[in-house]
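These notes are about the structure you will find just below.
The first residue of the sequence shown is numbered 1, and numbering continues consecutively from there. Note that this is a predicted model, so its numbers are computed, not measured.
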Amino acid sequence: MTDAEIEKILSHGPWPPDATHDPSNRVSGDPVAIALGEMLFNDTTLSAGRDMSCATCHQPDQQFADGLPRAIGQKRLDRNTQSLWNAHLNRWFGWSGDTDNLWAQNLTPLFNADEMALDPESLQSGVAKSQNLASYQRVFGPLDAQSPMDTSVNVSKALAAYLETLTTGRTSFDSFRDALATRDQAAMADYPEAALRGLRLFVGHGNCATCHSGPRFSNGEFHDAGVPYFLEHGRVDAGRHGGLQTLMSSPFTLDGAYSDDPDKTGAWAVRSVRFQHSDFGTFRVPSLRRVTLTAPYMHDGSLPDLRAVLNHYNHIDMERLHADGEAILRPLSLRDDDLNDLAAFLYTLSDD
């Protein structure tokens, strides 16, 4: 193994990360708020029809996703449901980065007419009728003293406090990575040979680690992966370009009045973003932790299994990419044995 390979492998850890609190959310890390957030996550009164909860699409037994190509809300939606594991570690949220913090992201499905279909007034009414009202008021005070928007933000922050607890555990990759860091040859020998070959392809010839970097195996940014963004005839998913439009008009960013952080920590990111033509049709790089458990794949759920993803990158259509886009992407042109090794590596990113 070369020094360059070792350096890249070590950069994917250590795991898990140290627990931190979100300064923009005053109830982040509060055990009572976390318990409330979990109850609200499963509360169907927080939807217009009183028949959907967050867990309807983000099902715990489906890795906090739903296993469908595209989510089903009030109708079939445009995008695949992302797993919520490790979501709190993102810089941008959603496939297109509509928000820059976790609690604001929770407002998106709550207020989307095609999902929970609420507005601030109906959300507050739902809390008033919820069996979780007493718990809510224990955390946030009397409901009747709050504006509907303040209640909505409070609900989103309690949900965020719960979602911050969803961190995946250690894997056989993490054990290998830590053994490599200490040059523990005996412990390194426990790692499957096929997975090691796949890991070397991942950080080497495959160039996968350029986007799937760091301990989460994601750089958290937006790229054109060669997946069509046409939804149906005459309609496209603008990806990051549309996400930026939403982000720039939102009052719920880290730079906004609803942040509880007087220092506006992290607001530099939303202050710095600028529209670019190349943003059109790009989507946020997902984490690869537990990736083998969260099919189907891509923003539109168009690739049904892991082998389809590997084949996509093995024969990627260069004509599909932006003219000014991803110069890092080229067909991998790997043999079947190599693809099997890559798959063996990716399986070691799920919890043992």
[X] side chain to [Y] backbone, donor-acceptor under 3.5 Å:
| X | Y | value |
| --- | --- | --- |
| Ser28 | Asn25 | no |
| Thr151 | Gln124 | no |
| His12 | His212 | yes |
| His299 | Gly281 | no |
| Ser287 | Arg216 | yes |
| Glu115 | Phe111 | no |
| Asp43 | Met39 | no |
| Asp98 | Thr246 | no |
| Gln62 | Gln59 | no |
| Arg274 | Ser272 | yes |

**Message:** I want to know whether Phe275 and Phe280 have ring centres closer than 6.0 Å.
**Reply:** no
Check: Phe64 ring centroid to His58 ring centroid under 6.0 Å: no
Closest approach of [X] to [Y] (non-hydrogen atoms, all atoms of both residues):
| X | Y | value |
| --- | --- | --- |
| Asp100 | Thr253 | OD1-CA, 3.3 Å |
| Pro304 | Ala308 | CD-CB, 3.8 Å |
| Thr168 | Pro16 | O-CB, 4.4 Å |
| Pro215 | Pro14 | CB-O, 3.9 Å |
| Leu40 | Ala158 | CD1-CB, 4.0 Å |
| Gln105 | Pro109 | O-CD, 3.1 Å |

Describe, in one word, how the ring planes of Phe345 and Phe173 are oriented to each other, choosing from parallel (under 30°), tilted (30 to 60°) and perpendicular (over 60°).
perpendicular
Indicate, with yes or no, if [Y] and [X] share a hydrophobic cluster defined by side-chain heavy-atom contacts under 4.5 Å among Ile, Leu, Val, Met, Phe, Trp and Tyr.
| X | Y | value |
| --- | --- | --- |
| Tyr258 | Leu143 | yes |
| Leu110 | Val139 | yes |
| Leu89 | Leu288 | no |

[X] side, atom [atom1]; [Y] side, atom [atom2] - distance, nearest 0.5 Å:
| X | Y | atom1 | atom2 | result |
| --- | --- | --- | --- | --- |
| Leu310 | Leu303 | CG | CG | 10.0 Å |
| Phe41 | Leu163 | CZ | CG | 6.0 Å |
| Leu349 | Leu199 | CG | CG | 8.5 Å |
| Gln82 | Phe283 | CD | CZ | 10.5 Å |
| Asn90 | Phe93 | CG | CZ | 5.0 Å |
| Asp114 | Lys75 | CG | NZ | 4.0 Å |

Using the rule given for side-chain contact (heavy atoms from CB on, under 4.5 Å), can you reason through His223 versus Leu329, listing the C-alpha separation, both sets of side-chain angles and the distance that settles it, and then say yes or no? CA-CA 10 Å; His223 297 278; Leu329 286 179; over 6 Å; no
Presence of salt bridge, [Y] and [X], under 4.0 angstrom:
| X | Y | result |
| --- | --- | --- |
| Arg170 | Asp178 | yes |
| Arg70 | Asp78 | yes |
| Lys264 | Asp255 | no |
| Asp237 | Arg79 | yes |
| Lys157 | Asp260 | yes |

Are side-chain N/O atoms of [X] and [Y] paired as donor and acceptor at under 3.5 Å?
| X | Y | value |
| --- | --- | --- |
| Ser24 | Asp22 | yes |
| Tyr136 | Asn154 | yes |
| Arg307 | Asn314 | no |
| Thr348 | Tyr191 | yes |
| Thr282 | Asp279 | no |
| Ser350 | Thr292 | yes |
| Asp66 | Thr81 | yes |
| Asn132 | Ser135 | no |
| Asn112 | Thr108 | no |

Just so I know, are the side chains of [X] and [Y] near enough to count as touching, which here means a heavy-atom distance under 4.5 Å?
| X | Y | result |
| --- | --- | --- |
| Met298 | Asn80 | no |
| Ile316 | Arg330 | no |
| Val236 | Leu231 | no |
| Arg26 | Phe140 | yes |
| His315 | Leu332 | no |

Does the Lys NZ or Arg CZ of [X] fall within the cation-pi geometry relative to [Y] - under 6.0 Å from the ring centre and within 45° of the axis?
| X | Y | result |
| --- | --- | --- |
| Arg290 | Trp85 | yes |
| Arg240 | Phe222 | yes |
| Arg289 | Trp15 | yes |

Note to self: Under the criterion side-chain contact (heavy atoms from CB on, under 4.5 Å), I'd like the reasoning laid out for Asp30 against His21: C-alpha separation, chi angles, the key distance, then a yes or no.
What the structure shows: CA-CA 9 Å; Asp30 180 341; His21 293 163; over 6 Å; no
(Q) Taking atom CZ as the centre, does Arg335 end up with more than 12 heavy-atom neighbours from other residues, nucleotides or ligands that are less than 6.0 angstrom away? (A) no
Please determine whether the number of non-hydrogen atoms from other residues, nucleotides or ligands lying under 6.0 Å from atom CG of Asp61 exceeds 12. yes
The side chain to side chain contact (heavy atoms under 4.5 Å, CB included) partner of Phe176 among Thr171, Asp190, Leu196 is Leu196
Between Asp300 and Ser302, is the side chain to side chain donor-acceptor pair (under 3.5 Å) condition met? List the steps. CA-CA 5 Å; Asp300 59 353; Ser302 59; 2.8 Å; yes
